[in-house]
Amino acid sequence: MSINLKKFTRSVLLAGLVFGAATAVAETFSPAVDNVEPCPVNAAYPGKMSLDGSVMLGDVPTDMVIDAEFGAGAQAITQCLKERKKAKLVVRVDDTFRRDAFGAARFNAATYLSDIDKMINQYENTHAMKIGTDVDIRVVFSGTGAILATKAHPVFAGAAMRFNAANAAAIAAGTVQAMPVSPVNPYLSKIQQGMDAGIIFYLCQEASRSLGITMNNKVEGINFVPAAHAATADFIQDGYAIILP
């Protein structure tokens, strides 16, 4: 069997370059899982049961709670946050409601706001990071997400009617709770919860023009930005990591 020496040499050189590059990458980056910093630091979800229903997580020592919830060995493969001081992130909320696995709007679950308590818990309990001190969180409402920054908007009444109609049978059976048909923002307490924790909120004026939002119906304490895209870029250039819920 004859060998094309030129092709063979080129292949060997290429393989060497690929191996060298892979080795350099492996040496440059830290391991994917590194548990130098523990979590949770404080007790998380004290009223929550483990997934198999065998134990109350609040009764388990904090350094064993992940194994108790997800199974033996889960803690060893959990990478906790490494940066716990001076973290900065900006959350873009571009839709009013969350979507299910098939892309349909969930009219009883606001984008980001429905999970704001989880973000607070993750930073303050799981990683012992104080919002406003150890982590700076900014939230920018844009697109239809701007509706969440209002005290009241017709969209909320429309969403409740559509939810109740889609779940009429379950509501009649008592397995699903009907939503009150009202233009009042049902997530105002969630915004206040975020503000109380130290999260700072902004509202896009471009979206506000389209949706009829003014100082009269904007939630007090939420700031304005002229345009969400430009503001988000400005935050990123200032060192904020972007989160898209």
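Nothing here was measured: the structure is a model prediction, and the numbers come from that model. Residues: numbered from 1 along the sequence shown.
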message = Please determine whether side-chain hydrogen bond (donor to acceptor under 3.5 Å, both in side chains) holds for the pair R92 and T232, giving the CA-CA distance in whole Å, both sets of side-chain angles, and the decisive distance to 0.1 Å.
response = CA-CA 8 Å; R92 269 288 294 273; T232 303; 3.0 Å; yes
Just do the side-chain contact (heavy atoms from CB on, under 4.5 Å) check on D94 and T144 with the steps written out, would you?
CA-CA 6 Å; D94 294 340; T144 61; over 6 Å; no
- Message: Checking K190 against S114 for the side-chain contact (heavy atoms from CB on, under 4.5 Å) test, could you report, in this order, the C-alpha distance in whole Å, the side-chain angles of both residues, the deciding distance, and whether it holds?
- Response: CA-CA 7 Å; K190 291 293 187 179; S114 294; over 6 Å; no
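Counting all heavy atoms, side chain and backbone alike, I222 lies closest to M195 at CG1-CE, 3.6 Å. Residues A227 and C204 share a closest heavy-atom pair of CA-SG, 3.9 Å. Across all non-hydrogen atoms, the minimal contact from I120 to G194 is CD1-CA, 4.5 Å. The two atoms that bring A152 and N217 nearest to each other are O-ND2, 4.0 Å, heavy atoms only.
Put simply, the side chain of T126 never gets that close to the backbone of Y123: no donor and acceptor are under 3.5 Å apart. With hydrogens and angles disregarded, a donor-acceptor distance shorter than 3.5 Å links the side chain of E124 to the backbone of I131. Judged by distance alone, the side chain of D67 and the main-chain N or O of A74 form a donor-acceptor pair under 3.5 Å. Here the side chain of H127 pairs no donor or acceptor atom with the backbone of R84 at under 3.5 angstrom. Side chain of D100 to main chain of A104: a donor-acceptor pair is present (N/O by atom type, distance under 3.5 Å, no hydrogens or angles).
Not a single side chain to side chain donor-acceptor pair (under 3.5 Å) links K86 to another residue, sequence neighbours left out.
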Identify every side-chain donor-acceptor pair in residues 233-245 under 3.5 Å, counting partners at least two apart or on other chains, and give the distances.
| unit_1 | atom_1 | unit_2 | atom_2 | d |
| --- | --- | --- | --- | --- |
| Q237 | NE2 | A233 | O | 3.4 |
| Y240 | OH | D136 | OD2 | 2.5 |
| Y240 | OH | R138 | NH2 | 3.4 |

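Residue pairs satisfying the ring pair (Phe, Tyr, Trp, His ring centres under 6.0 Å) criterion with at least one member in residues 147-193, sequence neighbours excluded, are absent.
By the criterion of side-chain heavy atoms lying less than 4.5 angstrom apart, applied directly or through intervening Ile, Leu, Val, Met, Phe, Trp or Tyr residues, V219 is grouped together with V91 in one hydrophobic cluster. Under the 4.5 Å side-chain heavy-atom criterion for ILVMFWY residues, a single connected hydrophobic cluster contains both M129 and M119.
With respect to E220 and K151, no salt bridge is recorded, no charged nitrogen being found less than 4.0 Å from a carboxylate O. Taking 4.0 Å as the cut-off between side-chain N and carboxylate O, K85 and D134 count as a salt-bridged pair.
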